[in-house]
There are 2 protein chains.
Amino acid sequence: MQITQYTDYALRVLIYLGACPERRVTIKEVAETFDISRSHVMKIVNQLVSLGFVEGTRGKGGGLRLNRAPAAIGVGEVVRLMEPGFDLVDCFRAESGCLLSSGCRLKGALHTALQAFLAALDEVTLADLIVNQPRLRNMLGVIALNPSP
Amino acid sequence: MQITQYTDYALRVLIYLGACPERRVTIKEVAETFDISRSHVMKIVNQLVSLGFVEGTRGKGGGLRLNRAPAAIGVGEVVRLMEPGFDLVDCFRAESGCLLSSGCRLKGALHTALQAFLAALDEVTLADLIVNQPRLRNMLGVIALNPSP
DNA sequence: CACGAAGATGCATTTTAAGTGTATCTTTTA
DNA sequence: TAAAAGATACACTTAAAATGCATCTTCGTG
Ligand code: SF4
Ligand code: SF4
């Protein structure tokens with residue numbers, strides 16, 4: 001049982017942006033900081049932009065910025081939208097082959113558990129993740145406020 | 001986000017055994033009923049036996065039987081033991097490369113959510129899954145009580 | 001005792017989804 | 001107009017899960 005890096009990286013991007021609200025951050029910078037494939041971050045950012053979490057501007061001096069207040073970005077919301085699927089088991093997906101799928105109580109139990117999981121994440125917002133901004137910046141080795149002359 | 005078939009199949013085996021408490025069930029029978037690889041069921045059953053959930057007897061007339069009362073088999077317990085890992089994200093595993101892992105609040109939130117997930121499954125036992133035994137047997141197309149003459 | 005039915009064990013192969021790499025296009029500012 | 005950035009599209013690689021196959025062990029039956 002695991003969450004895709006895709007989703008975790010999305011949250012890392014949001015955390016990074018939340019830690020640097022005063023400037024635009026480039027995809028390259030994020031990818032290098034976390035040592036991730038640039039392509040992967042690309043895809044993630046594209047989705048974050050199309051979902052309205054992030055604003056991306058092209059061209060020289062461009063980059064990424066949060067498009068919502070951190071307190072208005074729920075972790076549960078992000079996970080729900082970014083994670084490719086929550087088909088915990090066969091029967092969650094249409095055309096399941098499982099003989100039991102019609103009346104299986106396990107199915108219901110797993111569904112309930114999944115809701116509990118997401119509900120727990122709904123209690124947390126991006127703002128909760130970026131308290132102590134100075135420490136975050138330090139961990140990330142973030143560059144000075146004004147990138148380069 | 002998904003659970004391995006390994007774990008779900010383990011629960012299917014337990015449900016099957018719970019539905020046929022009066023006789024021994026063979027691995028072949030389970031594999032064919034659910035249309036799963038026999039090897040896979042083998043591995044699963046082996047672990048279920050070594051964990052004490054199931055009793056396996058070899059030789060002619062052998063097969064599988066539950067080794068505990070259904071009400072004493074918690075779904076959460078089974079999932080915890082059978083699922084290969086609960087390393088939701090990078091940092092859950094030792095030697096994580098994530099820069100944030102030292103003080104990341106997301107990590108804590110995910111951990112809490114995972115606990116909520118498992119706690120929900122702890123509310124359910126195998127006995128809850130096999131109420132309405134006749135219907136279960138019907139769905140499984142289970143053979144008559146005495147296998148063959 | 002020998003045979004066949006069952007589980008136990010081990011290893012090699014296949015499959016699939018996740019992640020990575022590369023190329024090209026578009027936008028924007030210096 | 002050139003360089004810096006994101007956007008888009010496609011091909012490739014990787015790793016874990018699942019499957020297949022072969023062999024061994026155990027045990028009941030005739
Ligand atoms: S056993 Fe129950 S939970 Fe598992 S796949 Fe079949 S219907 Fe779904
Ligand atoms: S971002 Fe937080 S949760 Fe995700 S891997 Fe890094 S430390 Fe763990």
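In the text below, chain A, chain B and the rest are named by the order of the sequence lines, each starting its count at 1.
- Direction of the helix axis in the helix from C:dC1-D:dG30 to C:dA30-D:dT1 shifts by 0° between the two five-pair termini, rounded to 10°.
- Between the side chain of A:R137 and the backbone N or O of A:A19 there is at least one donor-acceptor pair closer than 3.5 Å.
- Judged purely by atom type and a 3.5 angstrom limit, A:T125 has no side-chain atom pairing as donor or acceptor with the backbone of A:I73.
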Heavy-atom contacts, protein to nucleotides 8-22 of chain D, under 4.0 Å, summarised as B (base), S (sugar-phosphate only) or - (none) per nt, yield B---------SBBB-
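- The listed nucleotides are C:dT28, D:dG28, D:dG6; the one nearest the side chain of A:T26 is D:dG6.
- Between B:R23 atom CZ and C:dA6 atom P there is a gap of 12 Å when expressed in whole angstrom units.
- Rounded to whole Å, the distance from CD1 on B:I27 to P on C:dG7 is 4 Å.
- Using a 4.5 Å cut-off between side-chain heavy atoms of Ile, Leu, Val, Met, Phe, Trp and Tyr, with links allowed through other members, B:L51 and B:L11 fall into the same hydrophobic cluster.
- What you find for A:F92 and A:F86 is that their closest heavy atoms are CD2-O, 3.5 Å.
- The side-chain heavy atoms of B:Y16 and B:L64, taken from C-beta on, include no pair separated by under 4.5 Å.
- Atom CD1 in B:I44 sits about 16 Å away from atom C1' in C:dT9, given to the nearest Å.
- Residues A:L126 and A:F53 form no side-chain contact, since every pair of their non-hydrogen atoms from C-beta on lies 4.5 Å or further apart.
- Separating the CG atom of A:L64 from the P atom of D:dA5 is a distance of 11 Å, rounded to the nearest angstrom.
- When atom types are taken as modelled, the side chain of A:N138 and the backbone of A:P134 share no donor-acceptor pair closer than 3.5 angstrom.
- Rounded to a whole Å, the CD atom of A:E55 is 11 Å from the P atom of C:dT28.
- Note that CG of B:L129 is 9.0 Å distant from CG of B:L14, once rounded to the nearest 0.5 Å.
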Table please: side-chain donor-acceptor pairs of residues 1-10 of chain A below 3.5 Å, with sequence neighbours left out.
{"from": "A:T4", "atom 1": "OG1", "to": "A:T7", "atom 2": "N", "distance (Å)": "3.4"}
{"from": "A:T4", "atom 1": "OG1", "to": "A:T7", "atom 2": "OG1", "distance (Å)": "3.3"}
{"from": "A:T4", "atom 1": "OG1", "to": "A:E83", "atom 2": "OE1", "distance (Å)": "3.0"}
{"from": "A:Q5", "atom 1": "NE2", "to": "A:Y9", "atom 2": "OH", "distance (Å)": "2.4"}
{"from": "A:Y6", "atom 1": "OH", "to": "A:Q47", "atom 2": "OE1", "distance (Å)": "2.4"}
{"from": "A:T7", "atom 1": "OG1", "to": "A:E83", "atom 2": "N", "distance (Å)": "3.3"}
{"from": "A:T7", "atom 1": "OG1", "to": "A:E83", "atom 2": "OE1", "distance (Å)": "2.5"}
{"from": "A:D8", "atom 1": "OD2", "to": "A:R12", "atom 2": "NE", "distance (Å)": "3.0"}
{"from": "A:D8", "atom 1": "OD2", "to": "A:R12", "atom 2": "NH2", "distance (Å)": "3.1"}

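- Remark: C1' of C:dT28 and CZ of A:R24 are 11 Å apart, rounded to the nearest angstrom.
- Separating the CD atom of B:Q47 from the C1' atom of C:dG7 is a distance of 16 Å, rounded to the nearest angstrom.
- Distance, B:K60 NZ to D:dG30 P: 7 Å, rounded to whole Å.
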